[in-house]
2 protein chains.
Amino acid sequence: MVKTPENTEEKIIRAARKVFIQKGMDGARMQGIADEAGINKSLLHYYFRSKDKLFSRVFSEAFNDIIEMSDSVFAVAEDIDSLLDEFVKRYIGLLREKPFITNFIIHEINRNPGCLVGQMQNSKLDPSRLMKILADEKNNARIRPVDPYHFIVNMVSLCVFPFLAKPIIQGFLLDGTNISFDEFIEQRPEQIISFVKNALFIKNTD
Amino acid sequence: MVKTPENTEEKIIRAARKVFIQKGMDGARMQGIADEAGINKSLLHYYFRSKDKLFSRVFSEAFNDIIEMSDSVFAVAEDIDSLLDEFVKRYIGLLREKPFITNFIIHEINRNPGCLVGQMQNSKLDPSRLMKILADEKNNARIRPVDPYHFIVNMVSLCVFPFLAKPIIQGFLLDGTNISFDEFIEQRPEQIISFVKNALFIKNTD
DNA sequence: GTCTATAACCGGATAGAC
DNA sequence: GTCTATCCGGTTATAGAC
């Protein structure tokens, strides 16, 4: 992997991402972003006009990652097994790679819920395929009758929440054990998958 | 329930809670809190010296609610059924009553993780009783072998996350259905309990 | 205890030299 | 494109009258 030297714009984006995630839109300082990028504060305005515009840019990029990933999973899933497997592994894979995304979204979900929901509605993201799979499997009597909305929320909750609660899991729950947070997260996909399968399938499948 | 007229300090706390929750520490403005309380901005400083101190006061009170509730559940639980039942119902009950708590904590979890973890460690909160119950039930072969850390995280995730994701659940997932977010949350306890029981128990208990 | 006025500071944004 | 210097609005915090 050859690393081309980062140009200023890239440096700014990377620095902005880091600072905005940690501090949120309101807590972030343009000076802090400039320092992080190792450039002059004025350059931020030269490249992105305003703090708001810089934030929007960074935020939509992050949010888009989530949308595209979810969409790709929903699009290819054939049955509940593959859907669950794909969804959990990809979701957690993405969050491990870019753990900032969760904080980012939750940080801003209250500040500007309308914008976020708008971005979701404008995306092609469509859970109806998942709904259909659940309905089919239920008709085949492979799975217990589950409310599809609660089921989706369950899956997402189990994947996302640990990243949000990282400081508590790390500093309190796992404190004094020999398990690191990274190890915990590494175990998560199989833990979630077996948990959900047991909850879902009428016949034990393990 | 006789309502004694609120004194200024109480008015401030209530207003501060509302504003801090909505905007976070950084986004909140002392003027905004004063307006919300219907008092003069200087009075905030008269009663609480600084924005930081006011915030700390409001935050620890909210956080304490969570700690005490969790603790009381852990303390009384006898077996896994009662623990699950108590935990889910009380947790969601608390969050319905004070939905701001989740946002509050998540909002600040990154801003100051050390402080939050410190507060937890200083509390008497102790999950070891829950660990013991899980181990006992596993020995009795009533439940599948589960990792206790993942199990706790699962329970909390399923309870808390929906409140965090409210705007998305309301504005996207349930959009176009005739289910309101409140109805969704009302269904949650029994949904979670049956989901977790199915995942957990070797014999089907419904 | 409550108010008005103002100090002191900070941070986003711009002007203009290089 | 990049830097220095500066403006200007907004925000916390205090002083002091009532």
Side-chain angles (χ1 to χ4, degrees), chain A residues 3-62 100 103-104 107-108 110-112 114-116, chain B residues 3-62 100 103-104 107-108 110-112 115:
Chain A
K3 207 182 203 167
T4 62
E6 248 183 348
N7 64 29
T8 304
E9 187 166 335
E10 287 164 344
K11 269 194 281 194
I12 292 175
I13 291 278
R14 210 163 47 79
R17 193 152 49 210
K18 181 166 175 188
V19 175
F20 276 134
I21 283 139
Q22 213 165 32
K23 316 252 181 171
M25 166 66 181
D26 294 320
R29 298 286 163 257
M30 293 297 264
Q31 186 62 59
I33 296 172
D35 292 348
E36 181 69 38
I39 54 142
N40 189 285
K41 184 162 72 101
S42 310
L43 278 184
L44 299 179
H45 291 95
Y46 176 79
Y47 279 92
F48 295 95
R49 271 204 76 77
S50 73
K51 185 183 180 184
D52 237 48
K53 288 209 169 56
L54 177 56
F55 180 81
S56 295
R57 166 71 177 275
V58 171
F59 183 76
S60 0
E61 279 184 16
F100 56 86
N103 295 319
F104 220 163
H107 227 102
E108 298 309 315
N110 296 291
R111 220 181 57 91
N112 202 348
C115 159
L116 200 145
Chain B
K3 208 182 206 165
T4 62
E6 250 183 347
N7 65 28
T8 304
E9 187 166 335
E10 288 165 345
K11 270 194 280 194
I12 292 174
I13 292 277
R14 212 162 47 80
R17 192 152 48 211
K18 180 167 175 187
V19 175
F20 277 134
I21 283 138
Q22 214 165 32
K23 315 252 182 171
M25 164 68 182
D26 296 318
R29 297 286 163 256
M30 293 296 262
Q31 186 61 60
I33 296 172
D35 293 348
E36 181 68 39
I39 54 140
N40 188 284
K41 186 161 68 96
S42 310
L43 278 184
L44 299 179
H45 290 94
Y46 177 78
Y47 279 92
F48 295 94
R49 271 204 78 77
S50 73
K51 184 183 179 182
D52 237 48
K53 288 209 170 53
L54 177 55
F55 180 81
S56 295
R57 166 70 177 274
V58 171
F59 183 76
S60 354
E61 278 184 17
F100 57 86
N103 296 319
F104 220 163
H107 227 100
E108 297 309 316
N110 297 291
R111 222 179 58 92
N112 203 348
C115 158

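Because only heavy atoms are used, hydrogens play no part in the values below, and waters and symmetry mates are left out as well, while side chains stay in. So you know, we letter chains A, B, ... as the sequences are listed, proteins then strands, and number each from 1.
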>> Looking at R57(A) and E9(A), is any side-chain nitrogen of the basic one under 4.0 Å from a carboxylate oxygen of the acidic one?
In response: yes
> Considering only side-chain heavy atoms of N40(A), which listed nucleotide, dT4(D), dT4(C), dT2(D), is closest?
Replying inline: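 Among the listed nucleotides, the one closest to the side chain of N40(A) is dT4(D).
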>> Can you tell me which nucleotide in dT2(D), dT4(D), dG11(C) comes closest to the side chain of R29(A)?
In response: dG11(C)
Once you round it to whole Å, what is the distance between [atom2] of [N] and [atom1] of [X]?
| X | N | atom1 | atom2 | answer |
| --- | --- | --- | --- | --- |
| Q31(A) | dC10(C) | CD | P | 13 Å |
| L43(B) | dT4(C) | CG | C1' | 12 Å |
| N7(A) | dT2(D) | CG | P | 9 Å |
| D35(B) | dT12(D) | CG | C1' | 15 Å |
| F48(B) | dG1(C) | CZ | C1' | 14 Å |
| L44(B) | dT11(D) | CG | C1' | 12 Å |

> Applying ring pair (Phe, Tyr, Trp, His ring centres under 6.0 Å), which residue pairs with at least one partner in residues 7-48 of chain B are found, sequence neighbours left out?
Replying inline: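 Qualifying pairs, neighbours excluded: F20(B)-F55(B).
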> What nucleic acid atoms does A28(A) come within less than 4.0 Å of, heavy atoms only: base, sugar-phosphate, or nothing?
Replying inline: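 Contact class for A28(A): sugar-phosphate only.
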>> Below the 4.0 Å mark, does dG1(C) have OP1 or OP2 next to a side-chain nitrogen or oxygen of T8(B)?
In response: no
> According to a strict under-4.0 Å criterion, is Y46(B) in side-chain N/O contact with OP1 or OP2 of dC3(C)?
Replying inline: no
> Counting N and O atoms only, with roles assigned by atom type, does the side chain of E10(B) sit under 3.5 Å from a partner on the main chain of N7(B), one being a donor and the other an acceptor?
Replying inline: yes
>> With heavy-atom distances below 4.5 Å as the criterion, would you say the side chains of R29(A) and K51(A) are in contact?
In response: yes
Mind listing the closest non-hydrogen atom pair of [X] and [Y] along with its distance?
| X | Y | value |
| --- | --- | --- |
| L43(B) | I12(B) | O-CD1, 4.1 Å |
| R17(A) | E61(A) | NH1-OE1, 4.0 Å |
| E36(B) | A15(B) | CG-CB, 3.6 Å |

> Which of residues 14-26 of chain A have a heavy atom under 4.0 Å from DNA chain D?
Replying inline: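 By residue number: none to list.
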> Distance from I33(B) atom CD1 to K18(B) atom NZ, nearest 0.5 Å?
Replying inline: 12.0 Å
> What one-letter contact string describes nucleotides 13-18 of chain C from 5' to 3', where B marks a base within less than 4.0 Å of any protein heavy atom, S marks contact via sugar-phosphate atoms alone, and - marks no contact?
Replying inline: BBB---
> Just by distance, with hydrogens left out, do N40(B) and S42(B) show a side-chain donor and acceptor under 3.5 Å apart?
Replying inline: yes
